[in-house]
Amino acid sequence: MELFKSKKFRTGSIKEEEGFIAFGIKDTVEFDASANRAPMDLETYISGLRTNNLGDYGPDKLPELRIAGRFMGQRGPFAKLQDADGIIQLYMQKGKMGATEAAQELTDKVVKLLHIGDYIGLVGELFVTQTGEVTIKVKELHFLSKALRNLPIVKRDKEGNVYDAFTDPELRYRQRYVDLVVNPHVREAFVKRTKMYNSIRNFLNEKDYLEVETPILQPLYGGAAARPFKTHHNTLDMTLYLRIANELYLKRLIVGGFDGVYEFSKDFRNEGMSRFHNPEFTQIELYVAYKDYEWMMNLVEEMVEKVALDVNGTTKIQVGDNLIDFKRPWKRYTMYEAIEHFTGIDISEMSESEIFATAKKLHVPVDETMGKGKLIDEIFGEKCEGELIQPTFITDYPVEMSPLAKKHRTKPGLVERFEAICNKKEICNAFSELNDPIDQRERFEAQLELGKRGDDEAMVLDEDFLRALEYGMPPTAGLGIGMDRLAMIMTNSNSIQDVLFFPQMKPEDQGEEAQEAETE
RNA sequence: GAUCCGGUAGCUCAGCUGGUAGAGCAUUUGACUUUUAAUCAAAGGGUCCCGGGUUCGAACCCCGGCCGGAUCACCA
């Protein structure tokens with residue numbers, strides 16, 4: 001155990017811990033905290049204590065409380081215990097803990113040896129102190145587990161000022177377990193993220209859509225324009241790709257006869273990282289037969305409004321400097337309308353060369369290789385997207401940018417597609433799905449051309465997907481929502497790393513500790 | 001990938017024009033059984049991110065690298 005001779009550890013107390021064992025107090029198995037909130041829910045009981053309204057549990061019928069958690073500091077007989085629900089004060093009176101005199105003596109010794117981070121279990125009863133704080137009077141204390149490393153504890157005073165906060169982003173992301181213990185707001189953000197998933201699941205399940213799972217390892221990557229991660233299967237001796245999207249598989253299931261399917265999909269894209277991009281991220285994709293993009297727009301509004309309510313209890317969310325309101329209905333612009341709204345220029349009737357000239361005039365960086373669709377997309381991205389704070393639907397995109405979307409029923413050159421943009425970022429992308437196998441083949445072939453010209457993110461042709469379409473796919477509305485981006489908004493997070501438990505990091509230099517460990 | 005900022009004790013940070021390393025909390029020991037970020041006293045604790053250079057002398061200046069953050073680019 002050479003490692004523990006390092007100064008980093010509380011060497012003095014290690015030996016004492018052997019003492020704990022000798023005392024027979026280290027009863028990790030024996031102590032059962034599962035009954036910790038019985039017979040009355042602790043929150044209810046605490047509010048009852050505070051309001052002097054305990055019903056059947058009056059002062060003479062105090063329920064015994066069993067609870068376990070981390071010991072988080074001590075001042076005199078008062079200490080703090082942190083468990084999954086928060087922090088509660090303990091009252092540990094010398095000589096009063098334990099059933100027998102011997103037990104009391106032992107417990108006092110153990111208390112002396114407790115450190116921040118240690119796990120203890122205890123039996124006690126609740127009371128309110130003179131200063132009005134709900135506190136557990138400890139009747140019995142069990143030592144459960146030792147923290148060898150010091151937790152970087154954060155202190156808060158009455159005014160809410162924070163001292164010595166654990167803030168270094170590198171340490172927080174690399175040691176998320178520590179971040180979670182000492183930063184309650186971090187824990188809250190991740191609880192919200194899970195509520196978000198549950199909200200969407202409940203919403204879609206109530207509509208009888210089927211949650212499904214499709215392959216992550218794919219022989220061809222499709223459904224989006226992105227560079228993939230590549231791997232190799234030894235037995236089959238073949239190249240496989242980690243999916244960049246699951247779109248083409250879900251559509252196969254629509255062909256197979258399901259009316260509505262969805263999947264929370266971990267996708268992987270081998271591209272740059274930023275505060276909006278992690279190499280692995282999550283989308284939910286949803287496909288519903290016999291519907292179109294107009295219908296899907298209404299569903300998105302309804303669903304995201306519900307998510308906001310389920311997660312935060314309100315449709316209004318403060319995100320950075322902006323108060324974002326998800327209350328229906330959201331603003332809707334066609335892409336042409338949006339450009340006209342933000343630049344004053346109507347490009348809907350313009351030719352490619354006129355649009356090129358317009359882009360130049362607006363100082364949008366463009367070059368001669370860009371087609372009409374790309375030019376429009378650039379103008380929108382440059383002049384409109386950054387203006388959209390409140391959730392807004394942008395509809396009817398140029399066909400060149402959307403090889404899987406159905407051509408617009410009345411507007412040539414456009415597809416039936418929309419994105420919802422919120423806080424300057426796309427949060428979803430949806431279309432009336434292209435279900436014409438002949439058109440789809442042509443679009444794939446156009447993508448192949450782009451690939452030949454060096455676009456390494458152009459889509460590849462998926463012959464089996466085309467075969468599926470050739471068997472007939474009903475008219476279908478499809479949707480993808482970036483769950484991480486949505487979680488960032490719902491939790492007012494500035495970086496995608498704040499909504500991922502373990503964001504991708506370069507490996508840290510473990511030289512020192514690895515060497516220490518090797519000498520064991 | 002480019003630019004800017006940062007990396008000093010377990011954590012949060014100071015460290016001036018270059019002169020042999022500091023604080024608070026945490027830790028250890030002792031006292032105190034009290035309230036509530038921080039009781040008192042004492043002690044221990046450092047590869048100043050790494051490598052090279054300049055200098056009598058480098059945490060500090062110069063060069064190269066590593067890691068992180070922000071912005072931009074890329075990425076629908």
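Reckoned from all heavy atoms, side chains included, excluding hydrogens, waters and symmetry mates. Residue numbers start from 1 in every chain, and the chains themselves are labelled A, B, ... in the order their sequence lines are given, proteins ahead of strands.
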Peer 1: Which nucleotide sits closest to the side chain of Ser495(A): U35(B), A70(B), G10(B)?
Peer 2: A70(B)
Peer 1: Under 4.0 angstrom, heavy atoms only, what part of the nucleic acid is Asp377(A) near: base, sugar-phosphate, or nothing?
Peer 2: nothing
Peer 1: Restricting to pairs with a member in residues 489-506 of chain A, which pass salt bridge (Lys or Arg N to Asp or Glu O under 4.0 Å), not counting sequence neighbours?
Peer 2: Arg172(A)-Asp498(A)
Peer 1: Of all the nucleotides listed (U36(B), A26(B), U35(B)), which has the minimum atom distance to the side chain of Ile116(A)?
Peer 2: A26(B)
Peer 1: So what does Glu378(A) touch, heavy atoms closer than 4.0 Å: a base, only the sugar-phosphate, or nothing?
Peer 2: nothing
Peer 1: Would you mind classifying the nucleic acid contact of Gln93(A) as base, sugar-phosphate or nothing, using non-hydrogen atoms under 4.0 angstrom?
Peer 2: nothing
Peer 1: Would you indicate which nucleotide in U12(B), A26(B), U36(B) comes nearest to any side-chain atom of Leu171(A)?
Peer 2: U12(B)
Peer 1: Considering Watson-Crick and G-U wobble pairs with both distances under 3.5 Å, what does U34(B) pair with?
Peer 2: none
Peer 1: Could you check how far CZ of Arg156(A) sits from P of U12(B), rounded to whole Å?
Peer 2: 14 Å
Peer 1: Tell which nucleotide pairs with U3(B), taking only Watson-Crick or G-U wobble pairs whose two distances are both under 3.5 angstrom.
Peer 2: A70(B)
Peer 1: Students often get this wrong, so: under 4.0 angstrom with heavy atoms, is Lys94(A) touching a base, only sugar-phosphate, or nothing?
Peer 2: base
Peer 1: Less than 4.0 angstrom between a side-chain N/O of Lys155(A) and OP1 or OP2 of A38(B), yes or no?
Peer 2: no
Peer 1: Could you give the OH-to-C1' distance, from Tyr173(A) to A70(B), as a whole number of Å?
Peer 2: 12 Å
Peer 1: Out of A37(B), U36(B), C13(B), which nucleotide sits closest to the side chain of Glu133(A)?
Peer 2: U36(B)
Peer 1: For residues 333-342 of chain A, which residue pairs qualify under salt bridge (Lys or Arg N to Asp or Glu O under 4.0 Å), counting only residues two or more places apart or in two chains?
Peer 2: none
Peer 1: Any ion pair linking Arg193(A) and Asp484(A) (charged N to carboxylate O, less than 4.0 Å)?
Peer 2: yes
Peer 1: Report the residues that fulfil ring pair (Phe, Tyr, Trp, His ring centres under 6.0 Å) with Tyr333(A), sequence neighbours left out, ordered by chain and then residue number.
Peer 2: His341(A)
Peer 1: Hey, is the side chain of Gln497(A) poking within less than 4.0 Å of OP1 or OP2 on G69(B), counting only N and O atoms?
Peer 2: yes
Peer 1: Taking the six-membered ring of Phe127(A) as reference, does the NZ or CZ atom of Lys137(A) fall below 6.0 Å from its centre and within a 45° cone about the axis?
Peer 2: yes
Peer 1: Sugar-phosphate means primed atoms, P, OP1 and OP2; the rest is base. With that split, encode nucleotides 2-7 of chain B 5' to 3' as B, S or - using protein heavy atoms under 4.0 Å.
Peer 2: ------
Peer 1: Where the side chain of Thr135(A) is defined as all heavy atoms beyond and including C-beta, which of C67(B), U12(B), U35(B) is the nearest nucleotide?
Peer 2: U35(B)
Peer 1: Which residue lies toward the 5' end of RNA chain B, Met505(A) or Arg417(A), if each is placed at its nearest nucleotide?
Peer 2: Met505(A)
Peer 1: Quick one: label Ser402(A) by what it contacts on the DNA or RNA (base, sugar-phosphate, nothing), any heavy atom closer than 4.0 Å.
Peer 2: nothing
Peer 1: Looking at every strand, decide which applies to Phe78(A) at a 4.0 Å heavy-atom threshold: base, sugar-phosphate, or nothing.
Peer 2: base
Peer 1: Does one side chain, of Glu263(A) or Ser265(A), offer a donor that lies under 3.5 Å from an acceptor on the other?
Peer 2: no
Peer 1: Please give, in whole Å, the distance from G68(B) C1' to Ile496(A) CD1?
Peer 2: 17 Å
Peer 1: Expressed in angstrom and rounded to an integer, what is the separation of Asp168(A) atom CG from C25(B) atom P?
Peer 2: 22 Å
Peer 1: Is there a Watson-Crick or G-U wobble partner for G19(B) with both distances under 3.5 Å, and which nucleotide is it?
Peer 2: C56(B)
Peer 1: Tell me if the centroids of the rings in Phe418(A) and Phe431(A) come within less than 6.0 Å of each other.
Peer 2: no
Peer 1: Expressed in whole Å, how much space separates the P atoms belonging to C25(B) and A43(B)?
Peer 2: 15 Å
Peer 1: Work out how far the C1' atom of C50(B) is from that of C32(B), and round it to whole angstrom.
Peer 2: 47 Å
Peer 1: Does the structure show a Watson-Crick or G-U wobble partner for C25(B), both distances under 3.5 Å? Name it, or say none.
Peer 2: G10(B)
Peer 1: Sort me out a list of protein N/O and nucleotides 71-75 of chain B N/O pairs below 3.5 Å, or just none if empty.
Peer 2:
residue : atom : partner   : partner atom : Å
U71(B)  : OP1  : Arg275(A) : NE           : 3.0
U71(B)  : OP1  : Arg275(A) : NH2          : 3.2
U71(B)  : OP2  : Arg275(A) : NE           : 2.8
C75(B)  : O3'  : Glu457(A) : OE1          : 2.3
C75(B)  : O3'  : Glu457(A) : OE2          : 3.0
C75(B)  : O2'  : Glu271(A) : OE1          : 2.2
C75(B)  : O2'  : Glu271(A) : OE2          : 3.3
C75(B)  : O2   : His277(A) : NE2          : 2.5

Peer 1: Checking contacts here: which listed nucleotide (A37(B), G10(B), U12(B)) is nearest the side-chain heavy atoms of Asp164(A)?
Peer 2: U12(B)
Peer 1: Does Met459(A) reach a base, just sugar-phosphate, or nothing at all? Heavy atoms under 4.0 Å.
Peer 2: base
Peer 1: Is the distance from the ring center of Phe78(A) to that of Tyr91(A) below 6.0 Å?
Peer 2: yes
Peer 1: Check Val181(A) against Gln82(A) and note the closest heavy-atom contact, atom names and distance.
Peer 2: O-NE2, 2.8 Å
Peer 1: Partners of Thr231(A) by side chain to side chain donor-acceptor pair (under 3.5 Å), sequence neighbours excluded?
Peer 2: none
